[in-house]
Amino acid sequence: MPSDQKDTPQKAGGRRIGRDRGRGLAHEVVERLKARILAGEIQPGEKLPTESSLIEEFGVSRTVVREAISRLQAAGLVETFQGRGSFVLALPPPTAFSVEAAQVRTHRDVLDMIDFRIGIETEAAGLAAERRTDLQLKAIERALIDLGRSGEQPGHAVEADFAFHMKVALASGNRFYSDLLASLGPMMIMLPRTRLDHVYTVSDATHLTRVTLEHENIYRAVADRDPAAARAAMRLHLSNSRARLQTP
């Protein structure tokens, strides 16, 4: 099927794929694949069907399939390897800790959330610099590249940002860091952005360049196996995020 096929509703596995009140085709593909993974139909370590197979099965474009896989990556359900495809990751054990988006109601709550993240993610970055494997570093690099490209698709910026922080937490080698961030989910990125002043919109090129550079500094420190620099870079990034949210 051509990659430029229009995203029109078609049949998929005996059921019709269609737009869900603006959520889009990618969301529906994600939900179908996530259901299979959670049901154990696709086991950890198994490869997802190829792009061509998913295009044929769901009747959507290559762009939709790639976006869906990117969302599954951000959710920590799959890992993609260049030239090999996407593989299902083992599901993390359930955690009792959770913060619902509805619980973060005020501007003060958002600032407190960033303070909380500073305490957690600063140390996670330092451990990542000490313990990361080459494969984990590659995953952080891919997340950084995706974040840089989100300027072309602003709607992906939140998921790309969250994926980067998750990859750093996973590289710490301490599952409690990654479990905690996974429990927060993309809301830890999304809610602060909703409180940004109008001069810091998600699609603002200057803002994206500044944030991407901050993430690059974290990546370089982890790549250099420099724990002190990694902690400093993460603390600076989150402190800058907090400063951007301060009311005039």
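Because only heavy atoms are used, hydrogens play no part in the values below, and waters and symmetry mates are left out as well, while side chains stay in.
- The shortest side-chain heavy-atom distance between Glu56 and Glu51 does not fall under the 4.5 Å cut-off.
- Of all heavy-atom pairs spanning Val158 and Pro186, the tightest one is CG1-O, 3.8 Å.
- Side chain of Lys47 to main chain of Arg84: a donor-acceptor pair is present (N/O by atom type, distance under 3.5 Å, no hydrogens or angles).
- Hydrophobic clustering (side-chain heavy atoms under 4.5 Å, transitive across Ile, Leu, Val, Met, Phe, Trp, Tyr) groups Leu135 together with Phe87.
- Taking Asp226 as the reference, nothing meets the side-chain hydrogen bond (donor to acceptor under 3.5 Å, both in side chains) condition, with sequence neighbours excluded.
- Checking side-chain atoms of Ser172 against main-chain N and O of Ala169 turns up a donor-acceptor pair under 3.5 Å.
- In this structure, the side chain of Glu121 does not engage the main chain of Ile118 through any donor-acceptor pair within 3.5 Å.
- In this structure, Arg235 does not pair ionically with Glu123, as no charged nitrogen and carboxylate oxygen lie closer than 4.0 Å.
- Note: Leu89 CG to Gln73 CD = 9.0 Å, rounded to the nearest 0.5 Å.
- One distance of note links NE2 of His27 with CG of Leu25; it measures 11.0 Å at 0.5 Å rounding.
- No side-chain N or O of Thr212 forms a donor-acceptor pair with one of Thr209 less than 3.5 Å apart.
- Considering only residues two or more places apart in sequence or on other chains, Lys138 meets the side-chain hydrogen bond (donor to acceptor under 3.5 Å, both in side chains) condition with Glu141.
- Taken from CZ in Arg117 to CG in Leu184, the straight-line distance is 8.0 Å, to the nearest 0.5 Å.
- At least one side-chain heavy atom of Glu216 sits less than 4.5 Å from a side-chain heavy atom of Leu213.
- Between the side chain of Arg132 and the backbone N or O of Ala223 there is at least one donor-acceptor pair closer than 3.5 Å.
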Item to check | Check against side-chain contact (heavy atoms from CB on, under 4.5 Å), Leu181 and Ile120 | outcome: CA-CA 9 Å; Leu181 262 61; Ile120 297 298; 4.2 Å; yes

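- Here the side chains of Asp161 and His215 are in contact, with some heavy-atom distance below 4.5 Å.
- Partners of Asn240 by side-chain hydrogen bond (donor to acceptor under 3.5 Å, both in side chains), not counting sequence neighbours, listed by chain and number: Glu214.
- Ala230 approaches Ala129 most closely through the heavy-atom pair CB-CB, 3.9 Å.
- With a 4.5 Å cut-off on side-chain heavy atoms, Leu127 and Tyr177 count as touching.
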Checklist entry - Going through the checks in order, is the side-chain contact (heavy atoms from CB on, under 4.5 Å) test met by Asp146 and Phe164? => result CA-CA 9 Å; Asp146 288 342; Phe164 179 89; over 6 Å; no

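- Partners of Tyr219 by ring-ring contact (aromatic ring centres under 6.0 Å, His included), not counting sequence neighbours: none found.
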Checklist entry - After noting the C-alpha distance and the side-chain angles of Glu67 and Arg62, does the key distance pass the salt bridge (Lys or Arg N to Asp or Glu O under 4.0 Å) rule? => result CA-CA 9 Å; Glu67 181 179 347; Arg62 189 174 305 276; over 6 Å; no

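- Across all their heavy atoms, Ser86 and Ile69 have their closest contact at OG-CG2, 3.4 Å.
- Expressed to the nearest 0.5 Å, how far OG of Ser241 lies from CD1 of Ile114 amounts to 5.5 Å.
- Under the 3.5 Å distance criterion, the side-chain polar atoms of Arg231 are left unmatched by any main-chain donor or acceptor of Ala124.
- The structure places CG of Leu48 at 7.5 Å from OG1 of Thr80, a figure rounded to the nearest 0.5 Å.
- Arg108 is linked by a salt bridge (charged side-chain N to carboxylate O under 4.0 Å, His left out) to Asp112, counting only residues two or more places apart in sequence or in another chain.
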Next on the checklist: Run the side-chain contact (heavy atoms from CB on, under 4.5 Å) test on His165 and Met234 for me, step by step, so that the C-alpha distance in whole Å, both residues' side-chain angles and the decisive distance to 0.1 Å come before the verdict.
Outcome noted: CA-CA 10 Å; His165 287 268; Met234 181 65 80; 3.8 Å; yes

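- Within a 6.0 Å sphere centred on CZ of Phe176, other residues, nucleotides and ligands contribute 12 heavy atoms or fewer.
- Annotation for Ala182 and Met166: closest pair N-SD, 3.6 Å, computed over non-hydrogen atoms.
- Residues Val211 and Arg244 form a side-chain contact, since some pair of their non-hydrogen atoms from C-beta on lies under 4.5 Å apart.
- Put simply, CG on Leu77 and CG on Leu38 are 6.5 Å apart, with the number rounded to the nearest 0.5 Å.
- Linking Ile, Leu, Val, Met, Phe, Trp and Tyr whenever their side-chain heavy atoms come within less than 4.5 Å leaves Met188 and Leu236 in two separate clusters.
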Checklist entry - Going through the distances and angles, do Ile37 and Val78 end up as a side-chain contact (heavy atoms from CB on, under 4.5 Å)? => result CA-CA 9 Å; Ile37 292 170; Val78 304; 4.1 Å; yes

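- One finds no salt bridge joining Glu130 and Arg225 here, because no Lys/Arg side-chain nitrogen approaches an Asp/Glu carboxylate oxygen to under 4.0 Å.
- Looking at Ile140 and Val222, their side chains come closer than 4.5 Å, going by heavy atoms from C-beta outward.
- Residues Thr50 and Leu54 have side chains not in contact (no heavy-atom distance under 4.5 Å, counting atoms from C-beta outward).
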Scan the side chains in residues 39-46 for donor-acceptor partners under 3.5 Å anywhere in the protein, sequence neighbours excluded, and list what turns up.
residue : atom : partner : partner atom : Å
Gln43   : NE2  : Gly40   : O            : 2.6
Glu46   : OE1  : Gln43   : N            : 3.3

